[in-house]
There are 2 protein chains.
Amino acid sequence: MRPTLQDMANILNLSKSTVSRALAGDSRVAEATRTKVVTLAEQIGYRPNPIAQGLATRRTNIIGLAVPYAPRSLSDPFYLEFLGAAGDTAMKYGYSLLLSAAEREGSGGYRSHMELANSARVDGMILTEPRVLDERIEILKKMDLPFVFLGMVEDPDVSWVSGENTRGAAFAVARLIELGHRRIACITGPSDQTASKARFKGYSVALAEAGIPLDRNIVASGDFTQTGGYQAMKAVLEHESDISAVFACNDVMAFGVMRALREAGLAIPNDVSVLGFDGIPFAEYMDPPLATVRQPILELGRTIVEILVEQMNGKNKCPIHKVLNVEFQPAGSIAPPSWISREASTCVSGAV
Amino acid sequence: MRPTLQDMANILNLSKSTVSRALAGDSRVAEATRTKVVTLAEQIGYRPNPIAQGLATRRTNIIGLAVPYAPRSLSDPFYLEFLGAAGDTAMKYGYSLLLSAAEREGSGGYRSHMELANSARVDGMILTEPRVLDERIEILKKMDLPFVFLGMVEDPDVSWVSGENTRGAAFAVARLIELGHRRIACITGPSDQTASKARFKGYSVALAEAGIPLDRNIVASGDFTQTGGYQAMKAVLEHESDISAVFACNDVMAFGVMRALREAGLAIPNDVSVLGFDGIPFAEYMDPPLATVRQPILELGRTIVEILVEQMNGKNKCPIHKVLNVEFQPAGSIAPPSWISREASTCVSGAV
DNA sequence: GCAATTAATGCAACCGGTTGTATTATTCGC
DNA sequence: GCGAATAATACAACCGGTTGCATTAATTGC
């Protein structure tokens, strides 16, 4: 049986409270006593019971992490990396992560997240994939539990951390335009997710700045999964054959896009360039390596936990919004459009 | 403030115990009373405090999940999928998953897992990546906490669930041999992991059955990461140029292998065939799609939780060892060796 | 109609800690 | 040497549930 505080007290002929204070480093207990207590604790392997501590202090040292159910969620390496980084950081601050496995049902899919938040089991929550009008926010606000979103939230009272979606997408798409691309398809994520919306906005901005009209026929919406990207790309290819580049709003969809293109007999990047978003490790192992916008995934995980910890400690009551830099990462999946290469080669052969 | 049991008791002029029993469905409380209690609970949104419940019942309804630190761990989609499935199943049985973020240090890397196991915070533990002589087993056995490993463990007293590593690998490698391959390299995982060892054994068995001698020069050890696979393949290519196929002990390493081969100017599968293991979703999105041995990842997650739940309920005291079927999944990354194709084409052109 | 059952509820201890306050022992000033 | 201040420790309530046993009320048997 695990030794308890009372056991220790009995052995040392002390009271529970003194033993407890000795371990907590309370200045009121004599140095000699503390030493004895600590030594004994070491000896018999005493560890305070976190459940009892939780009941007494109303703190659990656990952070709830709400991961949305599929289609995206836990099959996207982005989340795994994020999870790892968040877990690491949480541990550094003495917290553990409790996963809220999401539910399958469509609309009620947030119930388990809300239950966890309301369970007194966690000191704070990390939430992911905010929607434009996210029903969870109102519920959470009523609970006075600190929480932070991964991804931008409109409500100014809510803390969040996000990669620079709009600017990142705009910058990368501008590079495509710079290469000579004019017909650039866009595979978006679910339209009600803020990240998806922001990346699409970046795409639109880049087009607008280059004076290229936005053509809805070459914009399709996926669901942030391989399959989603694959199907969306197929749908676009059915009607449009003159695109020379594709911007997929995340890497995983870009993989599906690449497959759809190849199946349509289009070579990457010779016929069509492909650009992703996220910078997951697999991107550079594709053939050709996928050009993407690298998010600082580890830093996102770290930062979000740090902000949450601050709020849990009550140090900072005002909401924090943090946008982390992203970085365009060129790679073999993008190249100038074929008509430029052809012109160039014509030109060269003409000169020879 | 959250309503407590006492609040409910006060409102209804009942005692805590009756209210508690009413909610628990104890047959001793009158039906009318139970209805009143349940109605009120519904009305004021009463939810029992799981921390207090945990203290009283010594059950937390939480399963600890120990994920080893890098290099593999949470950057491998295999684990993410596993995690999702385990989480889903856990929820179905009323449990949540508490992640044990692993530590960076090499040898002491298991400390946090053991602390979690010993923390009274979890009712059971899921452990991953067993090593051949896994130090955790002895520690866990002393704690009388149910635990199950993902992956085979030698100790017969320990429960585990695993894919059919040896047979799966043997079968797949045999298919390579069947295609005509003789010089098949093997990129193993860390040699002290049972999964790695078992898959390598499958490779050896297949060779032996075909009468092909095992050549240690074309066996290299990776660490189950892309980079590890890449480097191991490079090392092999440095001395050996006559291999016609590679078996990587997991898909993620296979991606690294493919990259190394391409960088060496070798085409897949024309010059070299590549075979992976795991069946992660990305495999089929590679170019060419990666042939692999598909593990039933979701079922692994489901089964492991079910076994653990059974053991936590005390229904089954004897250890359970479960081997789940794997399935060879052919794909574009494997083909007959080039000398066969060349012979074939020579033959054909000769015939014409 | 009264003892014996049975049904319904209440009391109080307990889970293992934390923490406000009371108590005892010691030291200090003068 | 005595009262006051201070240091060290103990007591007891509390966190919010669960659970064994006692108690009371209602029902049954004869």
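In what follows, chains are A, B, ... by sequence order, proteins preceding strands, each numbered from 1. Worth saying up front: this structure is predicted, and the values here are computed from it rather than measured.
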| Along DNA chain D, 5' to 3', what are the outermost nucleotides having an atom less than 4.0 Å from a heavy atom of chain B? | D:dG16 to D:dC21
| Reference residue B:Leu97; test side chain to side chain contact (heavy atoms under 4.5 Å, CB included); the match among B:Thr89, B:Asp88, B:Ile63, B:Val122 | B:Ile63
| A:Ile44 atom CD1, over 12 foreign heavy atoms within 6.0 Å | yes
| message | Pairing donors with acceptors under 3.5 angstrom, does anything connect the side chains of B:Ser17 and B:Ser20? | response | no
| request: Please determine if A:Arg2 and A:Asp7 form a salt bridge, counting it only when a charged side-chain N lies under 4.0 Å from a carboxylate O. | output: no
| query | Under 4.0 Å between a Lys/Arg side-chain N and an Asp/Glu carboxylate O for A:Asp123 and A:Arg58? | reply | no
| task | State, without any angle test, whether B:Gln311 and B:Ser159 hold a side-chain donor-acceptor pair at a distance under 3.5 Å. | result | yes
| message | For B:Tyr110 and B:His113, take the angle between the two ring planes, folded into 0 to 90°, and tell me which bin it lands in: parallel under 30, tilted 30 to 60, perpendicular over 60. | response | tilted
| Members of residues 13-23 of chain B that approach DNA chain D, where some heavy atom sits under 4.0 Å away | B:Lys16, B:Ser17, B:Ser20, B:Arg21
| Contact check, side chains of B:Phe149 and B:Val161, non-hydrogen atoms, under 4.5 Å | no
| request: Tell me which residues in residues 31-46 of chain B put a heavy atom below 4.0 Å from DNA chain C, sorted by number, or none. | output: B:Thr33
| Which atom names give the shortest non-hydrogen contact between A:Leu23 and A:Met8, and what distance separates them? | CD1-CE, 4.4 Å
| query | Are B:Gln6 and B:Asn10 close enough that a side-chain donor and a side-chain acceptor fall under 3.5 Å? | reply | yes
| Atom pair distance, as rounded to whole Å: CD in A:Gln6 and P in C:dT18 | 13 Å
